[in-house]
Amino acid sequence: MVRSAKTQAILGLGAVALRDRLASGEFTAVDVVEACLDRITEYEPQVGAWAWLDGDHAIQQAQRLDQWRQMGRPLGPLHGLPVGLKDIIDTKGIPTENGTPIDAGRVPSEDAWIVARLRAAGAIILGKTVTTEAAFMHAGKTRNPHNPDHTPGGSSSGSAAAVAAGMVPFAIGTQTGGSVIRPASFCGIVGFKPTFGLIPRTGILPQSPHLDTVGVFARTVDDCALLTEVIAGHDPLDRATSPVPMPRMLDVALSKPPVLPDFALARIPGWDQADPQMTAAIEELVDLLGDKCIDAPLPELSQAAKTRELINFAEMAKCYYHLEARGRDQLSDKLCTAIDKGKDVMARDYISALDWREVLNAGFEAIFNRADAIICPAALGPAPEGLEDTGNPIFNGLWTLAGMPSVTIPLFVAENGMPMGVQLVGRRNDDARLLRTAKWLNSHIETLETGN
């Protein structure tokens, strides 16, 4: 496919750079949307990232934004930037089918809280990205852009794949176990899961209210910071959020650390299951960091994975009752098994499990007193071959349970050419600092590799 120089330039830029070009008038919103649609036309048949896409609707949004700018009116922080939304996020007048035939044809009458924020900020809703069934483990149609014979991960499979394929500057997903960090690692992009409660979830399919966390995908840490800053906030309808000042994510991410960051290597449960390529890459990274990285003495974590699963399944049994009641025979065996396990959870065990978040954070406090971020793998290894298995979230669920922010950056490449991510984890509510640390690490490694 032959592309114009303008289209090539647009597709080569990240969200922050595009924002600046749009603000200067070098590109129009229509230019950007047309470039994305051009890319989608080429790659969507192989990748299958989109559950709903209407190019005309996206162009109409862009035209309105261009008219707004021509009238000299103030521009929103995401003016003219297209975004993909996981298909469990309600969009007024646009299908939101939750990855299940039970909700086929469902069209919400209201936007989710974050969608209203996106529209107010000038973002363009490009389309709805594929989710696994009800954001659980049963895979959808999406394939990994690096190799279509491999999974893109899940459950935010379409969001990760769309960004990795260059179809959209950034996208939004959710994580209840490892559904942001793992697909970002498999697809070779940046994925950010913020502190639990930073981003409101009103209007998003609830699976496990004590775990569900909205996250973002982009090519760079800066782009993740830009998008997160816009959609973070307090929503009285989401009790996990708080009426506190929001961090200046982008400004902090772009700033230079006042001192060189310190890191702590965490060999968390699952280390012995990891692909030797992943553990070798992590060990090599630790060697490169030298005395800036310590071995972390970990608190007791042997029951963390089972505890997270217990909370997840117990709350899923409640939250997905409406799906089961409307058509259990249309749900996958994987989902039905999880729901049935949730029904068997004793109340005392569920209530006890909810105490784990504070216990875990207290246990990790000693590490954060010595280090800016914890280092661990983002996944067991590269994306598995085949499309049925979306990958093991063992390296992600711990941080979801703890409510700590985590980010993956694509520093490694496996022998088969597939990407692998390193995961950095920060102290709760220290999201901006974590992103600044991740940006520093990425730049530091690039400098070592290029010798500049």
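Counting only distance, with no hydrogens or angles, the side chain of H146 and the backbone of C187 share a donor-acceptor pair below 3.5 Å. Side chain of D349 to main chain of V345: no donor-acceptor pair is present (N/O by atom type, distance under 3.5 Å, no hydrogens or angles). T202 contributes no side-chain N or O that, together with a main-chain N or O of W113, makes up a donor-acceptor pair within less than 3.5 Å. Using a distance-only test at 3.5 Å, with no hydrogens or angles considered, no donor-acceptor pair links the side chain of R433 to the main chain of A253. Looking at T129, its side chain never comes within 3.5 Å of a backbone N or O of G158 through a donor-acceptor pair. Under a 3.5 Å cut-off, the side chain of S332 and the backbone N or O of L335 do form a donor-acceptor pair. At least one donor-acceptor pair closer than 3.5 Å links the side chain of Q207 to the backbone N or O of A135. At least one donor-acceptor pair under 3.5 Å links the side chain of Q175 to the backbone N or O of G177. T241 contributes no side-chain N or O that, together with a main-chain N or O of H234, makes up a donor-acceptor pair within less than 3.5 Å. Between the side chain of T408 and the main chain of S185, no donor-acceptor pair closer than 3.5 Å is present.
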Side chains of residues 50-58: which donor-acceptor partners sit under 3.5 Å, not counting sequence neighbours?
{"residue": "D54", "atom": "OD1", "partner": "D56", "partner atom": "N", "Å": "3.1"}
{"residue": "D54", "atom": "OD1", "partner": "H57", "partner atom": "N", "Å": "3.1"}
{"residue": "H57", "atom": "NE2", "partner": "Q61", "partner atom": "NE2", "Å": "3.3"}

Side-chain donor-acceptor pairs of residues 383-394 under 3.5 Å, sequence neighbours excluded:
{"residue": "D389", "atom": "OD1", "partner": "G391", "partner atom": "N", "Å": "2.9"}
{"residue": "T390", "atom": "OG1", "partner": "R182", "partner atom": "NH2", "Å": "3.4"}
{"residue": "N392", "atom": "OD1", "partner": "I394", "partner atom": "N", "Å": "2.9"}

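N312 has its side chain within reach of T176: a pair of non-hydrogen atoms, C-beta onward, lies under 4.5 Å apart. Using a 4.5 Å heavy-atom cutoff, the side chains of L78 and L81 are in contact. Looking at R19 and V16, their side chains come closer than 4.5 Å, going by heavy atoms from C-beta outward. Under the 4.5 Å side-chain criterion, counting only non-hydrogen atoms from C-beta, D90 is not in contact with L205. Inter-residue side-chain proximity for M418 and H150 is flagged as met; some heavy-atom pair is nearer than 4.5 Å. Taking 4.5 Å as the limit, some side-chain heavy atom of V47 sits within range of a side-chain heavy atom of M167. Side-chain contact between T228 and L198 is present, with heavy atoms from C-beta onward closer than 4.5 Å. Using a 4.5 Å heavy-atom cutoff, the side chains of R21 and L13 are in contact.
Residues forming a side chain to side chain contact (heavy atoms under 4.5 Å, CB included) with T28 (at least two apart in sequence, or on another chain): V30, D31, D66. S208 pairs by the side-chain hydrogen bond (donor to acceptor under 3.5 Å, both in side chains) definition with E315, not counting sequence neighbours. Under the side-chain hydrogen bond (donor to acceptor under 3.5 Å, both in side chains) criterion, Q67 pairs with no residue, sequence neighbours left out. Partners of T213 according to the side-chain hydrogen bond (donor to acceptor under 3.5 Å, both in side chains) rule, which considers only residues two or more places apart in sequence or in another chain, do not exist here. Qualifying side-chain hydrogen bond (donor to acceptor under 3.5 Å, both in side chains) partners for R201, counting only residues two or more places apart in sequence or in other chains: D238.
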Inset, instruction - Begin with the C-alpha distance, continue with both residues' side-chain angles, and end with the deciding distance and a verdict on side chain to side chain donor-acceptor pair (under 3.5 Å) for R357 and N361. - result: CA-CA 6 Å; R357 176 162 292 163; N361 280 272; over 6 Å; no
Legend entry - side-chain contact (heavy atoms from CB on, under 4.5 Å) assessment of I89 paired with V115: CA-CA 8 Å; I89 301 171; V115 177; 3.6 Å; yes
Legend entry - From CA spacing to verdict: side-chain contact (heavy atoms from CB on, under 4.5 Å), I114, I172: CA-CA 10 Å; I114 62 171; I172 297 176; 4.0 Å; yes
Legend entry - Derivation of the side-chain contact (heavy atoms from CB on, under 4.5 Å) call for D275 and M420: CA-CA 11 Å; D275 188 311; M420 300 188 298; 5.6 Å; no
Inset, instruction - Could you please spell out the steps behind the side-chain contact (heavy atoms from CB on, under 4.5 Å) verdict for V190 and V407? - result: CA-CA 7 Å; V190 178; V407 59; 3.9 Å; yes
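There is no side-chain donor-acceptor pair under 3.5 Å between S157 and K86.
Within the structure, salt bridge (charged side-chain N to carboxylate O under 4.0 Å, His left out) contacts touching residues 211-226 (residues at least two apart or in different chains) are D222-K439. The list of ring-ring contact (aromatic ring centres under 6.0 Å, His included) pairs with a residue in residues 397-434, not counting sequence neighbours, reads F364-W399. Residue pairs meeting the salt bridge (charged side-chain N to carboxylate O under 4.0 Å, His left out) criterion with at least one member in residues 415-429, sequence neighbours excluded: E358-R428, E365-R427. Sorted by first then second residue, the salt bridge (charged side-chain N to carboxylate O under 4.0 Å, His left out) pairs that include residues 124-140, not counting sequence neighbours, are D87-K128. For residues 164-205, the set of pairs meeting the ring-ring contact (aromatic ring centres under 6.0 Å, His included) definition, not counting sequence neighbours, is empty.
Residues A160 and F217 share a closest heavy-atom pair of CB-CE2, 3.8 Å. Of all the heavy atoms in T96 and P108, the pair that sits closest is OG1-CG, 3.5 Å. Here the shortest heavy-atom pairing between A432 and P247 reads CB-CB, 4.3 Å. Closest approach of G327 to I102, counting heavy atoms only: O-CD1, 3.3 Å. Residues G140 and V130 share a closest heavy-atom pair of CA-CG1, 4.3 Å. For D111 against A116, the heavy-atom pair with the smallest separation is CB-N, 4.1 Å.
Counting heavy atoms of neighbouring residues, nucleotides and ligands inside a 6.0 Å radius, atom CG of D149 exceeds 12 of them. Counted within 6.0 Å of NZ on K334, heavy atoms from surrounding residues, nucleotides or ligands total more than 12; the atom is thus considered enclosed. Under a cut-off of 6.0 angstrom, the local environment of CZ in R106 is crowded, with over 12 non-hydrogen atoms contributed by other residues, nucleotides or ligands.
Between K193 and D431 there is no salt bridge, since none of the side-chain N atoms of the basic residue sits less than 4.0 Å from a carboxylate O of the acidic one. Between D344 and K341, no side-chain nitrogen of the basic residue sits less than 4.0 Å from a carboxylate oxygen of the acidic one, so the salt-bridge criterion is not met. Taking the charged nitrogens against the carboxylate oxygens, D272 and R267 have no contact shorter than 4.0 Å, which rules out a salt bridge. Electrostatic pairing of E324 and K343 counts as a salt bridge here, judged by a charged N lying under 4.0 Å from a carboxylate O. A salt bridge between D235 and R117 is absent, with no side-chain N of the basic residue lying under 4.0 Å from a carboxylate O of the acidic one. Residues E34 and K6 are not paired through a salt bridge, judged by the lack of any N-O separation under 4.0 Å between the basic side chain and the carboxylate.
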